Amino acid sequence: MARILRAAVTIAVLSTALAACSGEGGGNGAAPAGSGPAVGPASSSPSAPATPVPAGAITWGPCTDVKRPGEQIPAKPDPAQECGNLRVPLDYAAPAGEAIDIAVIRIKAQGPGARIGSLVFNFGGPGASGVDTLAQAAKAFTDLNKRYDLVSFDPRGVDRSSGVRCGDRAVMDEYTSMDTLPATAAERAEIQRVTGRFTAACGRTSGRVLPHVGTVNAAADMDRLRAALGERELHYFGISYGTQLGAVYATRFPRNVGRFVLDAPLDPRVSMAERSRVQTQGFQHAYESFLRDCVKRPGECEIGADVTVAGKNVTALMDELNDRPLKVGDRQLTQGLAGVGIAAALYSEMTWPLLDQALGEAIKGDGRILLVMADSYNGRLPDGKYTTLMSSFPAISCVDTAERPSPDQLAAIEAETMKISPLFGGAGMGLICSMWPVPGSDAARRVDASGSAPILVIGGTGDPATPYEWAPKLTAELRTGVLVTYKGEGHGAYLSGDSCVKKVTEDYLIGGKVPAKGVTCVGS
């Protein structure tokens with residue numbers, strides 16, 4: 001059991017905190033993957049202001065509800081951490097109307113050395129809680145904390161900030177555990193039924209906020225946060241989806257850009273079909289790298305002695321789970337949940353040994369570790385309740401695009417990605433967005449930071465969730481981007497621990513040194 005608890009902690013920090021920006025790794029809506037009632041137009045996203053806006057004030061106090069990785073609330077607040085709320089308009093097109101609170105956390109600069117300012121983080125998702133993640137992961141940014149106040153927030157639609165919820169536990173359990181690799185028309189129909197039930201529940205439960213949760217509005221909130229912190233410029237560290245939020249901010253507020261780092265970047269301009277294809281390739285590449293690494297040590301790889309045998313054993317397990325899920329207490333490890341657990345562990349090389357153990361035990365009939373990994377990724381708590389992660393993720397993703405794929409288009413996406421990877425292929429976010437109860441806008445897909453200060457973009461060649469090819473594309477789209485290449489595995493370069501990436505990033509954030517063109521860091 002101790003190893004299972006360590007699994008929960010590891011995956012919570014390395015997977016949920018740095019969740020894939022669109023979570024294609026689990027197939028059809030498996031990762032943060034009929035129609036609902038009308039809940040109003042999505043007009044607010046493209047109308048959010050492109051000029052600085054007046055700021056409210058933040059009243060700081062103890063952080064009384066931050067959570068540990070296992071979602072337990074600490075027994076007593078950490079005196080180094082302080083929390084508050086920032087009041088912002090629900091609809092920026094009606095700024096005098098209803099307001100919502102954005103939850104914020106701050107860890108003041110510790111020294112030595114002069115304070116530079118506030119460094120605002122978004123750790124990804126979309127849908128990850130910045131409040132909880134910064135509280136959990138602050139030690140990873142100790143060197144930056146010497147000179148910066150570390151700041152993060154729950155973006156609108158996430159957790160404490162009017163978090164989106166999609167029905168009760170039964171709806172969420174059905175949605176997160178459904179099989180995601182359909183082999184028959186009946187299985188495809190079941191996926192559509194479950195997805196339709198989930199999206200309808202989103203409309204019923206959170207219809208008031210759904211039209212207003214997109215990235216353009218979050219960027220406007222972030223400029224209000226900058227002003228409330230008393231900063232002339234926004235210094236920012238965005239990871240995964242946080243790179244899109246940063247790119248949108250830099251596009252709409254270029255003169256307010258300070259020192260910006262965008263790590264594990266995505267290209268917001270790609271279509272759903274392209275995103276599904278590229279991410280399926282990314283996860284398949286990471287999976288193959290995991291298999292090769294596993295069998296390098298003779299006798300230590302639990303799933304097989306060589307790559308061919310190991311791969312066949314995993315495929316056989318997934319096929320078996322499709323027909324006969326594994327009983328785990330009063331629950332079941334389904335093929336869909338197993339796929340999510342596998343994808344979650346591919347985010348970092350550090351969790352590859354854990355993945356081998358989890359798969360090896362599942363092959364023997366014990367699905368506990370794989371289920372813990374899937375639950376952590378899905379935001380399912382030990383008491384069966386869910387965080388907003390799996391609801392916030394599609395809410396923000398679907399509002400951020402006007403695409404609503406047709407059945408023929410979804411079938412084409414599925415066919416193409418299944419050829420790339422029978423394990424990770426599927427229709428991706430296209431299915432859920434095609435059923436989403438509010439329309440979307442393409443405003444968050446158009447980025448051009450002309451006129452901003454230099455923006456550091458870091459792309460990893462072995463990143464499964466935001467594949468490297470998106471890094472040079474985003475760099476070019478921003479016009480002020482400077483690309484750094486990390487030749488290594490995992491999602492996110494700075495937190496990989498690579499000394500070269502760490503030095504380049506900190507030389508820029510602390511020393512203001514913009515790296516030369518073409519810098520490459522080779523991971524160990």
Side-chain angles (χ1 to χ4, degrees), residues 22-39 164-207 210 272-273 276 318-319 321-326 331-340 343 371 374-375 377-380 384 386 388-395 397-399 401 403-415 417-418 422-440:
S22 66
E24 299 289 348
N28 293 328
S35 63
V39 294
V164 172
R165 295 194 178 275
C166 296
D168 58 17
R169 182 197 304 185
V171 172
M172 294 299 300
D173 277 347
E174 182 181 51
Y175 175 67
T176 58
S177 63
M178 68 178 176
D179 288 340
T180 57
L181 302 174
T184 67
E187 289 179 351
R188 289 185 180 87
E190 176 65 6
I191 289 173
Q192 291 178 337
R193 183 195 68 78
V194 172
T195 303
R197 185 182 181 215
F198 173 80
T199 56
C202 295
R204 288 192 302 271
T205 309
S206 297
L210 284 186
M272 283 188 178
S276 295
M318 299 300 281
D319 289 343
L321 291 174
N322 188 64
D323 298 326
R324 286 176 291 277
L326 273 178
R331 298 177 61 205
Q332 292 184 325
L333 176 69
T334 64
Q335 171 268 311
L337 287 169
V340 170
L371 184 60
D375 283 351
Y377 190 89
N378 286 332
R380 192 183 195 273
Y386 282 81
T388 66
L389 179 62
M390 288 297 291
S391 301
S392 304
F393 174 82
S397 298
C398 293
V399 168
T401 177
E403 281 192 82
R404 296 295 184 262
S406 68
D408 287 346
Q409 290 171 323
L410 292 172
I413 294 172
E414 180 184 306
T417 57
M418 290 294 285
L423 182 56
F424 301 111
M429 283 303 300
L431 177 61
I432 193 169
C433 289
S434 72
M435 299 182 176
W436 199 244
V438 298

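We number each residue from 1, following the sequence as shown. Computed from a predicted model, the values in this text were never measured in an experiment.
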Considering the options Thr195, Leu337, Thr334, Asp173, which one meets the side chain to side chain contact (heavy atoms under 4.5 Å, CB included) requirement together with Met178? Thr195
Do Thr180 and Ile191 pass the side-chain contact (heavy atoms from CB on, under 4.5 Å) test, and can you show the C-alpha distance, the side-chain angles, and the key distance before you say yes or no? CA-CA 7 Å; Thr180 57; Ile191 289 173; 5.5 Å; no
Just by distance, do the side chain of Asp168 and the backbone of Ala170 share a donor-acceptor pair under 3.5 Å? yes
Quick one, Arg193 with Glu190, criterion side-chain contact (heavy atoms from CB on, under 4.5 Å). Give me CA distance, side-chain angles, the key distance, then yes/no. CA-CA 5 Å; Arg193 183 195 68 78; Glu190 176 65 6; 2.9 Å; yes
Tell me if a side-chain donor or acceptor on Thr388 pairs with a main-chain N or O of Val164 at a distance below 3.5 Å. no
Is there side-chain contact between Thr176 and Arg380, with heavy atoms separated by less than 4.5 Å? no
With Thr401, which residues qualify under side-chain hydrogen bond (donor to acceptor under 3.5 Å, both in side chains), at least two apart? Arg445
Arg404 side chain near Cys433 side chain, heavy-atom distance below 4.5 Å: yes
Could you pull out the closest heavy-atom pair between Gln192 and Met435, with the gap in Å? O-CE, 3.5 Å
Residues Cys166 and Ser391: closest non-hydrogen pair is N-OG, 3.3 Å
Walk me through it: do Asn322 and Met318 pass the test side-chain contact (heavy atoms from CB on, under 4.5 Å)? CA-CA 6 Å; Asn322 188 64; Met318 299 300 281; over 6 Å; no
So which heavy atom on Pro422 is nearest to which on Leu181, and how close? O-CD1, 3.1 Å
Is any side-chain heavy atom of Glu174 less than 4.5 Å from a side-chain heavy atom of Phe198? no
